[in-house]
Amino acid sequence: MDIVQSNKSFNGNHQVCSHYSESTQCDMTFSVFVPEHKSSEKLKTLVWLSGLTCSEENFRVKSGVQRIASELKMIIVSPDTSPRGEGVPDNENYALGQGAGFYLDATESPWDKHFNMYTYITKDLIETMGNNFPIDRGKTGIFGHSMGGHGALTIAIKNPELFKSVSAFAPICSPTKVGWGENAFAIYLGDQQLKWLEYDATELILNRGWYSDILIDQGLDDEYLEQYLKPGLLQEACKQKNVPIQLRQHEGYDHSYFFIASFIEDHLRWHDKRL
């Protein structure tokens, strides 16, 4: 692992790191905020998954996460949203290809060689973090925004041994039923729709449940709410399976990082109590 950039912030360090991933068969980039701590301490950790078109940079620069993470002594990890680089396939559609990995393991050519973001998050990233930073593996949570909210929910539900808490901002709650997900899943996973259900948070709740509670924040002025996000479907599935879910709906807020920055402190403190 190489440290590409390091900036002191609120007595901690926010670094940009690069490492080779076996899962994606290319170099991957992530950012990590490590608060000031004693050399012997192991720290609670949150993994943030960003949305379509983002890289590791958006959350690091725009969310304002560092102040609260420093106060709570919490490591924050933000990986890129897809593999990138020479030889990695791409698409002119912003919702496919580089910047749009959808946190799944692709099975269709040419995507299957590199686009294995599910395994990257659950294996390569977690292992790299454990080998290089003082994370407490028993106190790790996950959260994200939009496509990253979809990723956080699906990854947590399928890996409760890795992630002890999960929340999301404006997540794509049922990608098998909306254009973003249908288009991407058809390209990455082919026409066997049973595979698609493994990456749909609403379907996973109905099939597997979730042992803890879930926090969702949604802006009511979000331009994607009705067509692409559909939090009501996830809320109804949680009700059916007796999974406690708090769906907070906010007048006037949109899909941007202004929305995320407004409520990021709430999410960190919510995870801190559960970790």
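The shown structure was predicted, so the numbers you read here are calculated from the model rather than taken from an experiment.
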To the nearest 0.5 Å, tell me how far Q246 CD sits from C238 SG. 12.5 Å
Is the terminal nitrogen or CZ of K158 (NZ for Lys, CZ for Arg) located under 6.0 angstrom from the six-membered ring centre of F163 and within 45° of that ring's axis? no
Here's a test for you: under side chain to side chain contact (heavy atoms under 4.5 Å, CB included), which of L153, L46, L49 qualifies with I142? L49
Donor-acceptor under 3.5 Å (W196 side chain, G190 main chain): yes
Any heavy-atom pair between the side chains of E198 and Y118 that's under 4.5 Å? no
Q98 side chain to V88 main-chain N or O, any donor-acceptor pair under 3.5 Å? yes
Is it the case that more than 12 heavy atoms not belonging to E36 sit under 6.0 Å from its CD atom? no
Centre-to-centre under 6.0 Å for Y120 and H19, is that the case here? yes
With a 4.5 Å heavy-atom cut-off, do S146 and H255 have their side chains touching? yes
Decide if atom CD of E161 counts as having more than 12 heavy atoms of other residues, nucleotides or ligands within a radius under 6.0 Å. yes
Closest heavy-atom pair, G101 versus S82, reported as atoms and distance to 0.1 Å, is N-CB, 3.8 Å
Starting at CD of Q25, measure out to CG of D112 and round the result to the nearest 0.5 Å. 11.0 Å
Verify whether one side chain among N7 and S9 offers a donor that lies under 3.5 Å from an acceptor in the other. no
Residue of the set F59, F33, F30 for which ring pair (Phe, Tyr, Trp, His ring centres under 6.0 Å) holds with H14: F33
Working to the nearest 0.5 angstrom, can you tell me the gap between S50 OG and I260 CD1? 7.5 Å
Side-chain donor-acceptor pair present, N159, T122, cut-off under 3.5 Å: no
Taking side chain as C-beta onward, heavy atoms only, is K177 less than 4.5 Å from E203? yes
Report the C-alpha separation of L229 and W180 in whole Å, then their side-chain angles, then the decisive distance to 0.1 Å, and conclude whether the side-chain contact (heavy atoms from CB on, under 4.5 Å) test is met. CA-CA 10 Å; L229 305 179; W180 276 340; 4.2 Å; yes
Please report the closest heavy-atom contact between L104 and A106, naming both atoms and the distance. CD1-N, 3.7 Å
Using side-chain heavy atoms (C-beta onward) and a distance below 4.5 Å, is E22 in contact with D124? yes
With a sphere of 6.0 Å drawn around OH of Y20, does it hold more than 12 non-hydrogen atoms of other residues, nucleotides or ligands? yes
Decide whether a cation-pi geometry holds between R208 and W210; the criteria are a distance under 6.0 Å from NZ or CZ to the six-membered ring centre and an angle within 45° of the ring axis. no
More than 12 heavy atoms of other groups within 6.0 Å of K113 NZ: no
Using side-chain contact (heavy atoms from CB on, under 4.5 Å), reason through K273 and R269 one step at a time and then give a plain yes or no. CA-CA 6 Å; K273 289 178 181 179; R269 294 193 186 282; 5.5 Å; no
Between Y199 and F102, is the ring centroid distance below 6.0 Å? no
For S55, does its backbone N or O pair with a side-chain atom of N58 as donor and acceptor, under 3.5 Å? yes
Pairwise side-chain contact, P83 with M117, heavy-atom cut-off 4.5 Å (strictly under): yes
If two hydrophobic side chains count as joined below 4.5 Å and joins carry through other members, does Y257 share a cluster with V77? no
Please step through side-chain contact (heavy atoms from CB on, under 4.5 Å) for the pair W270 and S165, ending with a clear verdict. CA-CA 9 Å; W270 185 89; S165 58; 4.3 Å; yes
List the steps and the verdict of side-chain contact (heavy atoms from CB on, under 4.5 Å) for D217 and F143. CA-CA 11 Å; D217 273 316; F143 65 151; over 6 Å; no
Please confirm whether the ring centroid of F263 lies under 6.0 Å from the ring centroid of F169. no
For N11 and S70, test the side chains for any donor-to-acceptor distance below 3.5 angstrom and give the result as yes or no. no
If hydrophobic clusters are built from ILVMFWY residues whose side chains come within less than 4.5 Å, do I68 and F259 share one? yes
Can you confirm whether R274 sits close enough to D213 that some side-chain heavy atom of one is under 4.5 Å from a side-chain heavy atom of the other? yes
Shared hydrophobic cluster for M74 and L162 (ILVMFWY, side-chain gaps under 4.5 Å): no
Check each of T128, I121, T29, V32 against P79 using the side chain to side chain contact (heavy atoms under 4.5 Å, CB included) test, and report the only one that passes. I121
Please tell me whether D200 and T176 have a donor and an acceptor in their side chains that are separated by less than 3.5 angstrom. yes
CG (L206) and CG (L233) are apart, to the nearest 0.5 Å, by 9.5 Å
Counting only heavy atoms not in N131, do more than 12 sit closer than 6.0 Å to its CG atom? yes
Under a 4.5 Å side-chain heavy-atom rule over Ile, Leu, Val, Met, Phe, Trp and Tyr, are I205 and Y211 clustered together? yes
Can you name the nearest heavy-atom pair linking A170 to D222, along with the distance? CB-OD2, 3.6 Å
Would a 4.5 Å heavy-atom cut-off, applied to side chains only, mark P35 and I75 as touching? yes
Between H271 and S167, which heavy-atom pair has the shortest distance, and what is it? NE2-OG, 2.7 Å
Mutual orientation of the aromatic rings belonging to H150 and Y103 [parallel < 30°, tilted 30-60°, perpendicular > 60°]: tilted
Checking N13 side chain against Q15 main chain: does a donor-acceptor pair fall under 3.5 Å? no
Between the CZ atom in R60 and the OG atom in S78, the distance rounded to the nearest 0.5 Å is 8.5 Å
Verify, without hydrogens or angle tests, whether K73 (side chain) and A69 (backbone) share a donor-acceptor contact under 3.5 angstrom. no
Closest approach of I264 and S63, non-hydrogen atoms and distance? CG2-O, 3.5 Å
Applying a strict under-4.5 Å side-chain criterion to I, L, V, M, F, W and Y, I'd like to know whether L125 and I3 cluster together. yes
Taking all non-hydrogen atoms of both residues into account, name the closest pair between E108 and L189 and its distance. CG-C, 3.5 Å
Is any side-chain heavy atom of R137 closer than 4.5 Å to a side-chain heavy atom of I126? yes
One should read off an interatomic distance between T202 OG1 and I172 CD1, to the nearest 0.5 angstrom, of 11.5 Å
Check the pair D27 / S18 against side-chain hydrogen bond (donor to acceptor under 3.5 Å, both in side chains), numbers first and verdict last. CA-CA 7 Å; D27 288 333; S18 175; 4.8 Å; no
